Number of protein chains: 2
Amino acid sequence: MNGRFPIALHILTLLSKTGEELMSSDYIAGSININPALARKEISNLRNLGLISSKEGKSGGYALAKAAAQITLADVYQAVKNQPVLGAAKNTPNPDCPVGKQINKKLDELYDDLDKTLLKKLGSITIEDFANKFD
Amino acid sequence: MNGRFPIALHILTLLSKTGEELMSSDYIAGSININPALARKEISNLRNLGLISSKEGKSGGYALAKAAAQITLADVYQAVKNQPVLGAAKNTPNPDCPVGKQINKKLDELYDDLDKTLLKKLGSITIEDFANKFD
DNA sequence: TTCATCTGTAATAATAAATATTACAGTAAA
DNA sequence: TTTACTGTAATATTTATTATTACAGATGAA
């Protein structure tokens, strides 16, 4: 797993704190301590998914596209997910082995099950909930 | 996340199928389609945790150290876990930002919560359960 | 209008992590 | 005493992630 979930969560938490006021990618990147281009890239992804709105040009920046109470951590998870939480099998198992032949299918089924469990939990926590934990 | 969970699960599933009979690292590695040294390394880890027993020398090999019904996927998860399921924050956030200052702590708390959820689910599935899904 | 400040995005470089490979000492059975 | 294994370390290779640079396009303000 890469660091995209923490980054996306950080971004959305920041934006939930500023409300209408636009926040720049420079401030966001500075808070996370990552490169501004990388921040904009993740923001771009979140914007395509309808979580963030943006305004170009001078005095441009970013804001949440909907209320923090309407965004759950399941949305964030799905926005950044690029592989199964417990890791993908990278090699093609031996088709001549009874276990090897079937394991990828069984693993996928297991992962679907785990994802449901995780999404249920994540779906019960909103950005507002998370942001409210801060002083 | 790396591929260790699928590998460990594959190994334990294989061993659950052979019972007392010892299985070599070559066969195991061949079924997964990874390097034998890598297989032995993961096996070594699982052995240190009491899940696998081994025998050196000619006609040596591996077997489960306890019944497949006594090993859960939570054991496997904990055996291979090296970082949070949703990814570690790698940069030090800005301590001058109200969010940056606290986010790592809040993230850790969230991750603890998610881990509990995941472990509960994984703890309800044994290697026997998983292996029984195979024809 | 033109300058300054911002987003949007791509191309590339650098770094870090994961995996593969090689090697060989040690152990036990035949 | 040879053969077939495990155990483990060192190293190389590959892949994934993150950082950097660059610049076109948008917008507001002087």
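Quick note: numbers below take in every heavy atom, side chains included, and nothing from hydrogens, waters or symmetry partners. None of the values given here were measured: they were computed from a predicted structure.
- Straight-line distance from the CG atom of B:L38 to the P atom of C:dA18: 12 Å, rounded to whole Å.
- Residue pairs meeting the side-chain hydrogen bond (donor to acceptor under 3.5 Å, both in side chains) criterion with at least one member in residues 119-129 of chain A, sequence neighbours excluded, are A:K121-B:D113, A:T126-A:D129.
- Partners of A:D75 under the salt bridge (charged side-chain N to carboxylate O under 4.0 Å, His left out) rule, at least two apart in sequence or in another chain, do not exist in this structure.
- Screening residues 42-56 of chain A for salt bridge (charged side-chain N to carboxylate O under 4.0 Å, His left out), with sequence neighbours left out, gives A:R4-A:E42.
- Listed by first and then second residue, the side-chain hydrogen bond (donor to acceptor under 3.5 Å, both in side chains) pairs involving residues 93-104 of chain A amount to none (not counting sequence neighbours).
- Residue A:K105 qualifies as open at atom NZ: its count of foreign heavy atoms under 6.0 Å is 12 or below.
- The residue B:I34 sits close only to the backbone: its heavy atoms come under 4.0 Å of sugar-phosphate atoms, none of a base.
- Sorted by first and then second residue, the pairs that involve residues 21-40 of chain B and meet side-chain hydrogen bond (donor to acceptor under 3.5 Å, both in side chains), not counting sequence neighbours, are B:H10-B:S31, B:S25-B:R40.
- Residue B:N91 is classed as a sugar-phosphate contact, given heavy-atom separations below 4.0 Å to backbone atoms only.
- In terms of heavy-atom proximity, B:F5 sits nearest to B:Y77 at CE1-N, 3.8 Å.
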Set out, line by line, the N/O atom pairs under 3.5 Å between protein and nucleotides 8-11 of chain D.
| unit_1 | atom_1 | unit_2 | atom_2 | d |
| --- | --- | --- | --- | --- |
| D:dT8 | OP2 | B:S44 | OG | 3.2 |
| D:dT8 | O4 | B:R40 | NH2 | 3.4 |

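- Under the salt bridge (charged side-chain N to carboxylate O under 4.0 Å, His left out) criterion, B:K17 pairs with no residue at all, not counting sequence neighbours.
- In this structure, the ring pair (Phe, Tyr, Trp, His ring centres under 6.0 Å) partners of B:F130, at least two apart in sequence or on a different chain, are B:F134.
- A:N82 places its CG atom 10 Å from the P atom of D:dA16, with the value rounded to the nearest Å.
- A:S16 pairs by the side chain to side chain contact (heavy atoms under 4.5 Å, CB included) definition with A:L64, A:A68, A:I127, A:A131, not counting sequence neighbours.
- Checked against side chain to side chain donor-acceptor pair (under 3.5 Å), A:T13 has no partners two or more places apart in sequence or in another chain.
- Only at 4.0 angstrom or more do the heavy atoms of residues 96-106 of chain B sit from any atom of DNA chain D, so none qualifies.
- Close to D:dT6, at under 4.0 Å from its OP1 or OP2, lies a side-chain N or O of B:S25.
- If you measure from atom CG of A:N35 to atom P of C:dA14, you get 14 Å, rounded to the nearest angstrom.
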Nucleic acid footprint by protein, nucleotides 25-30 of chain C - heavy-atom cut-off 4.0 Å, B for base, S for sugar-phosphate alone:
--BBB-
